[in-house]
Each structure stands twice: as C-alpha cells, then as structure tokens.
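Values below: all heavy atoms of this structure, side chains included; hydrogens, waters and symmetry mates excluded. FYI, the numbering just counts along the sequence from 1.
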Amino acid sequence: MKPTVYLFLVFSVLLKFSTAQTKIQAVRVETPPTIDGIVNDEIWNHAFMVNEFFQREPNEGEQITERTEFYTCYDDNNIYFAAKCWSNPEDVIAKELARDVSLGKDDRIQIIMDTYHDKRNGYWFQIGPRGSIGDAIISENGAVFNKQWDGLWNGKARITEYGWEAELVIPFKTLGFDKESNEWGIKFIRHMVNKLESGYWPVANLNTHKFQVSDGGTLTGIENITQGIGLDIAPYLLTGMDTKKGNNNDGKLTGGIDMFYQITPSLKSSLSINTDFAETEVDDRQINLTRFSLHYPEKRDFFLNGANYFQFGIEGDSNSPVAKKIIPFFSRRMGLDENGNPIRINVGAKLTGQIEDWNVGMMYINDDRDLGNNNFSVARVTRNLGTQSSIGIIGTYGNSFGDSKNLVTGADVKLSTSTFQGNKNVSLFMFGLKSTTTDVESNDASWGAQVVYPNDLINARLGYHQIGKNFIAGMGFVPRTNIRENYGELEIGPRPNKWGIMQIQFGGEFDFVHNLETNELETREIKLKPLGIRFLSGEEISYSLTNQYEMLSEDFNIYSNYIIPEDKYEWWFHEIAVETKGARNIYGEASYGFGNFYTGYRKDIDIEANWKVAVPLFLGGKFHQSQVELPEGDFTANIYQAYANILFSPTLTLYNYFQYDNASNNIGWQSRFRWILKPGNEVILAWTSNFLEEENKYLMDESSLRLKLKYNIRF
C-alpha cells in the first residue's frame, strides 16, 4: 500500500508543476488603488492574484519557503501591482532608500513585462521594503540589461508585522506596446537575501538568464488603454558658477527642453535642445597599465534611453570578454572630449521602437566641439526571425577623431534559442563591418563570429574576429586594429548543496591575438580557474592563475616615465578573491594578485568595504593598488574612492563621492543633492571640484556648481 501512496504523492507534485498557473487574466478597475505602500484597498480583493512561486536558487524547482502574493489590475491609463511578502520582520533586509540604486544586497520584488509579447524584450521594475524603486530595459532575451533607463512611474512599500508589502503604478505612457495585441508577457520575482533565495513565477530554471523574457507567463485581456496623445514636454532651467584658480568666476544661466512624442504605442521620437547632463555621475577613475584605450561606460540619460536599439554584433553578449572591443556606435564619442570633459550638445534627435517585427534606432547629434566634425548620425535596424533570432544592419556617419569624413556600415545575424535540449540557451553571433574614410583605402573591414552556451552546469563560449589595419569607427570604440583574435572559455559549475556549498566553479579561458599582416603572435592569455566556491552562507572565494604573453613591437611607456623595452615577454600571474555576504551591515570584497610582469614583478590589491551605518547613512570605500618592480625602477599606482551618502527618503538623497589617484595627483569631489517632487519633476544641486597638491597641501584648482530644475508635462 505504501508504494502506491508514495507514487500518488510524487504524481501529485509533478501534476502541480505541470499545471501551475502561467496565465493572468487582466482585471479592469474603475477606481484606482491609492499607492501608499499599504495593500488594504478594497480593489485588491478583485485583482488577479498569483501565489505559486518556485525557487531558482538555492533549491531549483522547489516551492518558495515564505508565502508570497502578487496582485495585478489596470484602468485606462495605468497598470497596478501589489505584493505581500511574508517573512519574519527581523529577517527582512532593507537598508536602501534611494531611487535606482542597486538592491542586490536588499530584499526586493521584481516585475518583468514583455509588452510586445515578442519573448525577447521587456521592461523591468523593482522595489525594496523601504520603497527604493528601480527600472531597466531588458533585451536579447535577458542577456542585455540596461539599468540606466529611467521611466516615469511610482511605487511605495513598508515593513509590516508579517513581513513587508508594496504597491506600484506604471503609466501606459511610460511603456511601448503593440496596440493590436491584448497579450503581454509577465514575470514576478521575489528575492530574500538572508536565505539567498530567489522565487519566480512562472517556474524558472538555472539555465535561463536571471531576467529571461521568453519563459514568462501571459497577461491577457489588456484592452482599451490609452497613452493620451503621447506627448511629453520637459523643460529645464540651469544656473550655477564655474571657478578656476587664476581666472574670474564664470556664472551660468541657461535652459533647454526635451520633447518626447509617441508616434505609435511602440515607436517613440525624442528631441533635445541645449542638452545638459548636470546630474550625471562622474566617471570612476582608472590607471591604464595597458597599451590600449580603456572603456568607460555611458552614464548620460539621453543616450541610455533606448540604447538597446543601437547594440550591434557581439556587443549584445554583455558577458563576452571581447564585447567592448568592436563597438561601431559608442555614444561617448558625442558630447565628450577625449578626456571625458563635457562638450555642449546643441541638439539631439532620436527615434526608437518597434514596427511589427522590425526594431528601429536612429539618432542625430550636433555638439559644440572646436576640432573635427560636430555632426553625427547613426541608424540601426533589425528584423526579428523566429522566436529569438534576428538579422540587422547599422550605419554611422561622423568622425570624432578628425576632419576626415567617415562612414561605417555593417550587418549582423543572431541565431538563438532557449529551448536547446529542452531548457538550455545557445546563441550564434555573426557580423561584418566596413569603414569608408577620406583618403583611406583597403584593409578597412572587420568581421567575426561567436557561439555561446551560457548555462548553469556548463558555460562555454568560442569566437573569432579580425579587424583591418585601416578600419576606422569614427563614432565607435575599437581599441585595437590590424589583428585577428581567437578566444574561448569553459566553466563547469556543479551544485552539491552540501558541506555548506551552493556551487563549485572551475574552468579556463584563452585569448590569442595575431597580427593580421605578419601573422605574428602579439598577445596570448591563458587563464585557469582551478576553484571557485559559492557558499550557502553568502560568501564567495576563488583562485585563478594566468599565463600572459606580449610582443612589443616598440617601447611601451607604461606609467609616468617608466618604459618597457621592445621585446617578447611571458609571465604567470595569480589572483585570490573573496566576497562577503551583502546582507550584513558591514560587507565587502577583496582580491590579491601577484606574479611576474614583463621584465619585473607585480602585486595588485583591490579592497571594497561598505558600512550601512543606519537606514539613512551609508559609508563605503574602494582601494586599488598596483605595485610594479622593474629593472628601470619601481612604482606604485594607487586609486582611492570613498562614498558618504545620506538617504533621507526614496525621493530625497544626498550623494558624496571622493576620488584620488597618484597618477594625476588630483582629488576629485562630487556632491549631488536630488529631490524628486514627483516622477519627472526634480530639483538637482550638483557640486564638482578638483584639488591639486601645491607645497605639500591640496588646494582647489577648479569647481563647478549647478542648480537644475526639471519639469515634465504629459499630454
């Protein structure tokens, strides 16, 4: 009798998984809920409720350990969500308050909406227990995550005696969607940091991307919704003062306007006149000990909004080690000089969105640079193929490097599926590019291919590309030309879920770079990772060793006046890294690298420490040091970074960021006060200054004070 009972129980569990609800019926309401973080409106009793959540980690497929309920409803103008998250209130981790900060160390809920129901793109929204909200654009079926996107929406949350709860309102004016379809993709996620537990609806497996779109549920019945006339007008007023030692103070008073028009529910146009980026964070400092240009990420909102429509080729695989080596359109080429200093943008126009199975991104920028061209244009069009594949073209016209005319054209194909062998991801990227530059002929093409198998137990990648000697991307980022490059990686990650270990990771990767003309090996990097461990306690530790080969065809000025002579070099380098659990009030990570380096020896130290002193106060710091010993002499490169943030509320924040490096011998300080009156209406006060050492003391060399008032009108 007992075997029969056991079989019945097993069958019941399997049946439950196979019949788990994957469809939500949209519920229209006449009276919207009050968004105050208290889920007590009568309307939520009529909304559709989801409560069947399953773990992705640490125990794949098992039911979530704490009761969780999500509610959904909508009216003509907005879609509303609420969540109730049961937990011991003492176990709720909630230290963050500010908008758009990382909540990776806090408990949180997340909602993904695939509004086109194309199973490849989506909007991502999250909120923490104290009301800290954030958003992003997802593309490439979860492989690409644009966290810098800012939509206009609102959310509130509070901690309760049973756990915590939240409410969100997202205007349809903030979203693009297919007006002809009444079905959207939908996914709900809950993260509990103290347990390292992630619960998903519908069921998600470890082979999927964390924010994969194609395996979402279906929200059906969304009908008769409106975006108004689809027009946003956002004027701003800016005042302030620039100071520089030895010069007169320079007062500033200016203004500008951004306009957005939703041509169709899925196609958006933008126009920006006298664009300003006063609220943009300063770049993190880096000391370059390589022979090639460093990549700095884009941080300006105008370029980040809709950035996914301009990505090309392997750039769409953000985890690829070469993703940033061939970028035909790099938005930092516009409105910034080669040192990262702002150049005024006179006008910017942009068109992004979807037309049936076509994805469109077009942009024109005119900036105020003194040298070279100041007009830039880019067009990117892709066509969806099947469920997750695509084919596309790109064209850029403009040259940030000089007066020569430069045109870059290219085509790419991505063949992808998330159902290989049932539930695994695999993708093939292929691309080709050609540049046309005045007085430059031949050897001006680039092409390549990459296959990726990015799954949990086995994560593999194999690729090849070559870049011609005269390939010039006037609006792009291509730090190394005249090469052909072979690369690959393999990592195996079993999950024993015993001995306190969640996952063991080991494997290796290689990268070979040959001169395209002579076929000589210029760079070889073979990296072995014998051991990496993720503990159930939240800590991580890893050890890796790298064999490096470099052929220098000319002397290399590595730092200050230190020179590495022309020659061939080979060495081994070791690295040990540890990371502590982020749920603790004090947490951080550190790494130590050591080994030979060209003709000498090198030691690298990286330390990051964070202290969540109390809910409003956060202190943190980073330290990087490279100690290099060479026959020509020894030098040490240091970078210090410190944060002191006061988070009064999710809408009232003060950030302070300090940086120092001994290469420039310069202290930088930026303070940003931000008051969000309501989404789209803001007061921003930003102070940026630099201090130089003179006579054994630091004196302010220059500073910039900006007060910016932003207002948004939606029609």
- Message: Pair Y655, Y657 - check ring-ring contact (aromatic ring centres under 6.0 Å, His included), show working.
- Response: CA-CA 7 Å; Y655 284 86; Y657 184 28; 9.9 Å; no
- What closest approach, in Å, do F477 and K324 show between heavy atoms, and which atom pair accounts for it? CD2-O, 3.1 Å
- Mark yes when over 12 heavy atoms from residues, nucleotides or ligands other than K299 sit less than 6.0 Å from its NZ; otherwise mark no. yes
- Task: Walk me through it: do Y592 and F594 pass the test ring-ring contact (aromatic ring centres under 6.0 Å, His included)?
- Result: CA-CA 7 Å; Y592 175 64; F594 60 95; 5.4 Å; yes
- Atom CH2 of W611 with >12 non-hydrogen neighbours under 6.0 angstrom: no
- Roughly how far, to the nearest 0.5 Å, is CZ of F312 from CZ of F329? 13.5 Å
- Approximate separation, where rounding is to 0.5 Å, of E608 CD and T580 OG1: 9.5 Å
- Would T636 and Q627 count as having a side-chain donor-acceptor pair, cut-off 3.5 Å? no
- Task: Using the side-chain hydrogen bond (donor to acceptor under 3.5 Å, both in side chains) rule, take E520 and N515 through it: C-alpha gap first, then chi angles, then the decisive distance, then the call.
- Result: CA-CA 5 Å; E520 281 192 274; N515 184 287; over 6 Å; no
- Item | Any donor-acceptor pair under 3.5 Å from Q466 side chain to G468 backbone | no
- Smallest heavy-atom separation, E575 atom then S591 atom, equals OE2-OG, 4.1 Å
- Indicate the atoms forming the closest heavy-atom contact of R285 with N666, along with that distance. NH1-O, 2.5 Å
- Does E57 pair with R534 as a salt bridge, N-O distance under 4.0 Å? yes
- Partner of D511 by salt bridge (charged side-chain N to carboxylate O under 4.0 Å, His left out), out of K325, R524, R480: K325
- Does K568 come within less than 4.0 Å of E570, counting only side-chain N to carboxylate O? no
- Derivation of the ring-ring contact (aromatic ring centres under 6.0 Å, His included) call for F211 and W124: CA-CA 8 Å; F211 305 127; W124 174 92; 5.6 Å; yes
- With E579, which residues qualify under side-chain contact (heavy atoms from CB on, under 4.5 Å), at least two apart? K105, E540, E589
- Query: When you check the side-chain N and O atoms of D661 and S664, is any donor under 3.5 Å from an acceptor?
  - Reply: yes
- Task: Carefully, step by step, assess K622 and D606 under the rule side chain to side chain contact (heavy atoms under 4.5 Å, CB included).
- Result: CA-CA 7 Å; K622 295 181 181 180; D606 282 279; over 6 Å; no
- Message: As an exercise, state the distance from CZ of F535 to CH2 of W499, rounded to the nearest 0.5 Å.
- Response: 12.5 Å
- Test item: side-chain donor near acceptor, H295 and S293, under 3.5 Å: no
- Message: Can you classify the ring geometry of Y543 versus H574 as parallel (below 30°), tilted (30 to 60°) or perpendicular (above 60°)?
- Response: parallel
- Message: Between E96 and R108, does any NZ, NE, NH1 or NH2 come within less than 4.0 Å of an OD or OE carboxylate oxygen?
- Response: no
- Task: Taking N455 for its side chain and L457 for its backbone only, find out whether a donor-acceptor pair lies under 3.5 Å.
- Result: no
- Message: When you compare the side chain of I112 with that of I189, does any pair of heavy atoms fall below 4.5 Å?
- Response: yes
- Query: Under the salt bridge (Lys or Arg N to Asp or Glu O under 4.0 Å) criterion, do K603 and E629 qualify, and how do the steps go?
  - Reply: CA-CA 9 Å; K603 291 186 290 186; E629 301 172 5; 5.2 Å; no
- Item | Within 6.0 angstrom of E441 CD, more than 12 heavy atoms from elsewhere | no
- Item | Minimum-distance pair of heavy atoms, taken over all atoms of N141 and Q388 | ND2-OE1, 3.1 Å
- Query: Side chains of E539 and S537: donor-acceptor distance under 3.5 Å anywhere?
  - Reply: yes
- Testing K529, R461, K527 for salt bridge (charged side-chain N to carboxylate O under 4.0 Å, His left out) with E491, which one passes? K529
- Message: Can you classify the ring geometry of Y598 versus W571 as parallel (below 30°), tilted (30 to 60°) or perpendicular (above 60°)?
- Response: tilted
- Message: Using the side-chain contact (heavy atoms from CB on, under 4.5 Å) criterion, which residues pair with Y640? Sequence neighbours excluded.
- Response: F623, N638, Y660
- Query: For N425 and Q212, what are the C-alpha separation, side-chain angles and deciding distance, and is it a side chain to side chain contact (heavy atoms under 4.5 Å, CB included)?
  - Reply: CA-CA 10 Å; N425 283 282; Q212 190 151 305; 3.2 Å; yes
- Do D106 and K95 meet the salt-bridge criterion of a basic N to acidic O distance under 4.0 Å? no
- Ignoring hydrogens and angles, state whether a donor on the side chain of T437 or S404 is under 3.5 Å from an acceptor on the partner side chain. no
- Query: For V408, does its backbone N or O pair with a side-chain atom of S435 as donor and acceptor, under 3.5 Å?
  - Reply: no
- Message: Determine whether a donor-acceptor pair (N or O, by modelled atom type, separation under 3.5 Å) exists between the side chain of S390 and the backbone of T382.
- Response: no
- Could you label the plane-to-plane angle of the Y562 and F635 rings as parallel, tilted or perpendicular, counting under 30° as parallel and over 60° as perpendicular? tilted
- Query: D412 and I393: which non-hydrogen atoms are nearest, and at how many Å?
  - Reply: OD1-N, 4.3 Å
- Message: I need the I492 CD1 to I458 CD1 distance, nearest 0.5 Å.
- Response: 6.0 Å
- Message: In the structure I gave you, are the side-chain heavy atoms of L433 and I394 within less than 4.5 Å of one another anywhere?
- Response: yes
- Mind checking the CG-CG spacing from D456 to L206? Nearest 0.5 Å is all I need. 4.5 Å
- Item | Residues S139 and N121: side-chain donor-acceptor under 3.5 angstrom | no
- Item | Check: G476 main-chain N/O paired with R333 side-chain donor or acceptor under 3.5 Å | yes
- Task: Please report the shortest heavy-atom distance between P530 and L528, naming the atom on each side.
- Result: CD-O, 3.4 Å
- Query: Taking it one step at a time, do I576 and S542 satisfy side chain to side chain contact (heavy atoms under 4.5 Å, CB included)?
  - Reply: CA-CA 6 Å; I576 302 170; S542 66; over 6 Å; no
- Are the charged groups of R602 and D604 less than 4.0 angstrom apart, N to O? yes
- 4.5 Å side-chain heavy-atom contact, P565 and E632: yes
- Would you say the side-chain atoms of Q505 and N459 include a donor-acceptor pair closer than 3.5 Å? no
- For F471 and N443, what are the C-alpha separation, side-chain angles and deciding distance, and is it a side chain to side chain contact (heavy atoms under 4.5 Å, CB included)? CA-CA 7 Å; F471 178 76; N443 299 320; over 6 Å; no
- For the residue pair Y200 and H191, does the interplanar ring angle fall in the parallel (under 30°), tilted (30 to 60°) or perpendicular (over 60°) class? perpendicular
- Show the numbers, then the answer: is there a ring-ring contact (aromatic ring centres under 6.0 Å, His included) between W572 and F597? CA-CA 8 Å; W572 284 93; F597 184 65; over 10 Å; no
